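So you know, we letter chains A, B, ... as the sequences are listed, proteins then strands, and number each from 1. Quick caveat, the model's predicted, so the values are computed rather than measured. All values below come from the heavy atoms of this structure, side chains included, with hydrogens, waters and symmetry mates left out.
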Amino acid sequence: MTNIAFVRKKEIPPSAPPITEVGLIGWLRQNLFSSWLNSILTVLSVYFIVIILWDFIPWAYGGHWNTKSLRECLDLDPDVACFSVLTARWKQLLFGLYPAEEYWRPTLTFIFLLLAIVPILFPKFFRFFWFSIIYPGLAVWLLWGGSFWSISIVYIGLTLGALFFLTLIRRYLKNYMIAAILAFLFTAVFFLFISNPVVGLLNVILPITLPFVESLKMGGFTLSLIVGVTGIVASFPIGILLALGRQSNLPVIKMICVGFIEFIRGVPLITLLFVASVLLNYFLPPGTNFDIVLRVVIMVTLFSAAYMAEVIRGGLAGLPLGQHEASASLGLTYWQSQRLIIMPQALKISIPGIVNTFIGLFKDTTLVSIISLRDPVGLASTIRADQKWNGIYWELYVAIGLMFFIFCWGMSQYSQYLERKLKTDK
Amino acid sequence: MEKTKINVTDEVAIHISDMNKWFGNFHVLRDINLEVRRGERIVVCGPSGSGKSTLIRCINRLEEHQKGSIIVDGIELTTDLKNIDKIRSEVGMVFQHFNLFPHLTTLENCTLAPMWVRETPEKEATEIAMEMLEKVKIPEQAHKYPGQLSGGQQQRVAIARSLCMKPRIMLFDEVTSALDPEMIKEVLDTMIQLAEEGMTMICVTHEMGFARQVADRVIFMDDGQIVEQNEPEEFFKNPKSDRTKLFLSQILGH
């Protein structure tokens with residue numbers, strides 16, 4: 001029988017790993033040449049990348065930028081790109097049919113957009129959040145024009161309503177429901193009877209107006225951004241509420257949410273857009289002018305809200321029951337616990353899915369070309385209808401694709417940054 | 001060690017009478033009658049599935065009972081949400097799997113409920129939290145996230161988090177069952193310290209040493225019923241019921 005007794009005689013100090021496991025060589029070995037199969041795949045991939053770039057780089061690099069028509073390009077050198085179409089029509093791709101002398105307005109709106117999302121994306125700048133609040137109104141006024149006051153009055157009305165609600169809660173009432181109903185009535189009265197005379201008066205005293213631009217003039221990336229950004233911002237909270245509603249214990253709320261989600265997910269977006277552009281007019285009283293861009297935005301928002309709800313539901317399902325129990329046992333109310341404990345974690349789990357939905361929504365805005373709105377893809381057809389550029393495909397779509405890629409890639413990068421930042425277990 | 005029995009008062013902290021609960025068709029708690037006085041320390045033990053966890057989870061209404069009444073601190077548990085929230089803020093609970101909030105630091109875990117439920121100003125809440133973290137002997141971990149702590153440390157944070165609400169009653173639900181043997185002692189020490197300070201405690205646990213040392217009463221449950229209860233000395237030395245004897249021989253036998 002062997003002796004099983006053993007006592008360590010000396011301690012082994014930690015030492016550096018073998019050279020083949022670290023540095024560039026180690027990385028290559030581990031990632032590109034870890035096995036025969038992996039090595040063959042690496043070589044094949046490199047081969048395909050090389051043959052694609054071999055053709056693409058000379059085509060793109062030698063491209064013409066300053067010809068007057070496609071014919072002229074082909075006469076010069078038919079084997080390279082004809083980017084002249086972009087030189088000639090880039091303004092249209094960006095602004096659609098927006099009046100040329102007013103281009104500064106969508107441009108300024110875009111710059112303000114970048115500023116407005118900073119406080120939302122980076123908590124460090126949260127003190128500038130007030131700008132994100134006023135931005136939607138500002139953007140609507142800049143893009144569509146009209147009287148400054150008719151937009152401001154919306155903010156004034158809502159602020160007064162909110163103040164009214166807070167005063168009721170702080171001073172007079174304990175019941176949130178009754179206070180909310182009263183505040184709603186107050187706001188409704190304000191908008192029905194008070195706002196119009198006030199706007200009229202302000203327009204006389206201090207007229208600040210921009211020339212009105214109608215919705216059908218909106219186009220190009222301006223339109224993609226209007227629909228995309230509004231859809232993203234609006235579908236997120238609606239998605240959260242739908243996800244919570246779907247998990248609700250109240251059967252009526254649950255049924256409404258499930259019905260909505262399943263209906264919207266079961267119908268193609270194109271169908272909803274057709275409903276928005278054509279059918280809705282049958283149902284509305286004759287003579288009502290319900291803005292086409294607004295109709296499209298509503299449809300796109302509802303569509304992605306349904307997807308968002310399911311993504312967030314996935315995150316909610318991923319949370320251990322213990323989190324609900326712990327927050328309940330501390331005496332937090334349902335909404336406090338949702339806001340402070342459940343949602344922050346569920347949303348964190350769902351970040352990849354949420355961003356996926358956002359990116360999908362943003363790219364789906366190109367579908368509005370089907371109902372003859374002039375987004376970049378719709379404009380590509382318009383441009384080709386011009387005799388000078390008839391027959392041009394690659395250059396236009398490469399440019400449009402690149403623009404979309406920049407936005408979508410930005411969103412994807414931000415989501416990865418956010419995931420790293422929110423990682424708390426290491 | 002001398003037990004500090006003086007803490008037990010005549011004041012009733014929890015009064016449970018003829019309480020019944022079903023999970024679907026399964027009769028999980030049957031005619032439970034229990035009166036807990038302020039300052040009393042109770043250990044509940046029993047085989048798994050005997051309803052002991054469900055019993056203490058009924059006390060802060062994580063589970064709803066269907067028959068009988070539960071009165072905590074003079075407030076009866078009904079469907080009234082206000083009463084439930086009130087009782088929950090007075091009754092602390094510590095769980096088997098800690099259930100710390102992983103997205104918040106240790107300190108934030110402790111200040112959250114006082115700030116939102118009690119509306120304590122942040123500065124004061126932080127002071128209380130640090131005091132409680134010192135009590136469970138991990139003030140140096142205040143700015144770490146739960147995922148960075150060991151199991152024993154997490155469980156002590158969970159105790160501190162409950163204590164920050166200044167509860168009058170504490171419920172412990174198998175708080176050492178998920179811990180490595182090396183970490184059980186540090187959590188039990190914290191609980192013993194709490195017991196010595198006179199906290200009203202109900203502990204579901206299999207730590208019989210702990211029961212001997214601090215409990216004023218040991219309750220043995222089986223099949224959703226209270227089978228036997230007694231002072232720990234008597235309970236362990238002279239168990240009356242056969243079921244208790246069998247249970248004790250199984251858990252103390254090795």
[X] side chain to [Y] side chain, donor-acceptor N/O pair below 3.5 angstrom:
{"X": "A/Q345", "Y": "A/K348", "result": "no"}
{"X": "B/N20", "Y": "B/H27", "result": "yes"}
{"X": "B/N60", "Y": "A/S329", "result": "no"}

Do B/M132 and B/C164 have side chains that approach each other closer than 4.5 Å (heavy atoms only, starting at C-beta)? yes
Side chain, backbone, both or neither: which part of [X] has a heavy atom under 4.5 Å from chain A?
{"X": "B/L100", "result": "backbone"}
{"X": "B/V94", "result": "neither"}
{"X": "B/D85", "result": "both"}
{"X": "B/F101", "result": "both"}

If one checks every heavy atom of A/Q336 against chain B at 4.5 Å, the contacting part turns out to be side chain
Parallel under 30°, tilted from 30 to 60°, perpendicular over 60°: which one fits the rings of A/F303 and A/Y307? tilted
Can you tell which of B/R161, B/M165, B/Q96 has the highest number of heavy-atom pairs within less than 4.5 Å of chain A? B/R161
Only pairs of heavy atoms separated by less than 4.5 Å count here; which of A/S327, A/P344, A/P320, A/G322 has the most with chain B? A/G322
Taking NZ, NE, NH1 and NH2 as the nitrogens, is one of them in B/E64 or B/R57 under 4.0 Å from a carboxylate oxygen of the other? no
